[in-house]
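Reading through the structure tokens given below for one structure.
The basis for the numbers below is simple: all heavy atoms, side chains too, and nothing from hydrogens, waters or symmetry mates.
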Amino acid sequence: MQGVIQNGVIGGLLGGLLFTSTAMGSQPSVEAESPPSRGYHIVRPGDTLWDIAEAYLGDARAWRRVRDLNHLSDPYHLQPDTKLILEENSPLSIDVLHLEGEVWAEDVDGNRRPLLTGMQLDASQSVVTGPFAFVSLRLEDGSQVVLPSSSRIRFIKEREQGVVRVRLERGAVESKVTSRPGEEHYQVETPVGIIGVRGTHFRVREQAGGATTSVLRGAVAISHDGRPQGRVREGEGGHLDSRGRLTRVALLPAPTLLPDWRGAGGVLHARVESLPGAIQYRLQMSRDSDFIELVREAVSDDGEFRVEDVPAGAYHIRLSAVDANGIEGREAHHVFFLREVGAHR
């Protein structure tokens, strides 16, 4: 029996496509350095849809086709480094933005190959993270997927519906989905349900006999065996059990970091104030404020953390509390600097 958690109306996303001013009809700058068989083009400064269509498709008038394939609301403004899809049936493009620890791509026969930052994945492969490992991925529309430790996902693209499905086989996944008006084009599939979205920021975690979601921005719609079970909105969490019963709750507030934290010599000590309703606390460390470059994660039952083997430097920290349903709550964000020697902030 399968379940799906689906995403509804969403906004304010990370990883969305951005557009800067580039006039149609300016001097051509497109070089088709990638063969058209790859099915996409990476925008460079000065590129226009007119030039791209002529270089790849042999007809500048085909620019409307490129516009429609990429759902561009303003085709006159293209952001450099944006990936434009050129073929209707081009394979799903998945880029490895960042990884920490041991992360693999696994084929249907169980053969594994280590992933490296900058690689591109085949959608037929599963992505697997080892203990204390993380990977951040970017899809062709700019959506971002972060996979924490001991997790496993597989991507599936349904061509006719234009839906990208993330099959969560183990662990958890965090998604920041680029908004596309009028469509639910991204889904996370769990053993008990499916979560489908137009664009939002939400988390899904697989649990024994169920799944949970936390909606940090936007809204998600939950379904079980093809039947809608209800929506979970921004600031709410949902628990879906094996029978398709959905429990909705308000997310726990962000925990309060106590001021006695210490960071030195590769070790971070931190403590949060006890929060009513919390049975666990989670801490994540990243080199960037968007939490794409994750480096460490820790879980604590009592709110005290000791994170070891952390290289000296500045880190963004986010803290959250987990309730009795296993739903992760709102986040508190901080910046720490760990020194080589001593215990000064």
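A single hydrophobic cluster is seen to contain both Y281 and W261, as judged by linkage of ILVMFWY side chains at heavy-atom distances under 4.5 Å, directly or through other members. No chain of hydrophobic side-chain contacts below 4.5 Å, direct or via other Ile, Leu, Val, Met, Phe, Trp or Tyr residues, connects L115 to V146.
Side-chain atoms of H201 and E174 form a donor-acceptor pair, as typed in the model, at a separation below 3.5 Å. Side-chain contact, D288 with H98: no donor N or O sits under 3.5 Å from an acceptor N or O. Between E328 and S214, the side chains place no donor N or O within less than 3.5 Å of an acceptor N or O (distance only, hydrogens not considered). Under 3.5 Å, the side chains of Y186 and S175 contain a donor-acceptor pair of N or O atoms.
Not a single donor-acceptor pair under 3.5 Å links the side chain of D290 to the backbone N or O of I292. Between the D74 side chain and the Y76 main chain, a donor and an acceptor come within less than 3.5 Å of each other. At least one donor-acceptor pair closer than 3.5 Å links the side chain of T129 to the backbone N or O of S150. Side-chain N or O atoms of S286 include one that pairs as donor or acceptor with a backbone N or O of E293 at under 3.5 Å. In this structure a side-chain-to-backbone donor-acceptor pair under 3.5 Å is present from S149 to F132. Side chain of R170 to backbone of V128: no donor-acceptor contact under 3.5 angstrom is found.
Considering all non-hydrogen atoms of both residues, I327 and H239 come closest at CD1-N, 4.1 Å. Nearest heavy atoms, Q120 versus R113: O-NH2, 3.9 Å. Looking at every heavy atom in both residues, L168 comes nearest to I153 through CD1-CG2, 3.8 Å. Between T117 and L99, the shortest heavy-atom distance links the atoms OG1-N, 3.7 Å. Between L121 and A105, the closest heavy-atom pair is CD2-CB, 4.1 Å. Across all their heavy atoms, W104 and G130 have their closest contact at CZ3-N, 3.8 Å.
In summary, of the residues considered (T212, V192, T190, L240), a side chain to side chain contact (heavy atoms under 4.5 Å, CB included) with Q207 occurs for T212 alone. In summary, of the residues considered (Q125, R154, R152), a side-chain hydrogen bond (donor to acceptor under 3.5 Å, both in side chains) with E106 occurs for R152 alone.
Salt bridge annotation for R287-E100: present, with a cationic side-chain nitrogen under 4.0 angstrom from a carboxylate oxygen.
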Would you sort out whether R306 and E304 count as a salt bridge (Lys or Arg N to Asp or Glu O under 4.0 Å), showing the intermediate values? CA-CA 7 Å; R306 176 185 169 89; E304 293 199 21; over 6 Å; no
Check your understanding: Where do R61 and D59 land on the salt bridge (Lys or Arg N to Asp or Glu O under 4.0 Å) test, with the steps shown first?
Key -> CA-CA 5 Å; R61 292 171 297 182; D59 186 353; 3.2 Å; yes
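How far CZ of R138 is from CD1 of I94: 12.5 Å, rounded to the nearest 0.5 Å.
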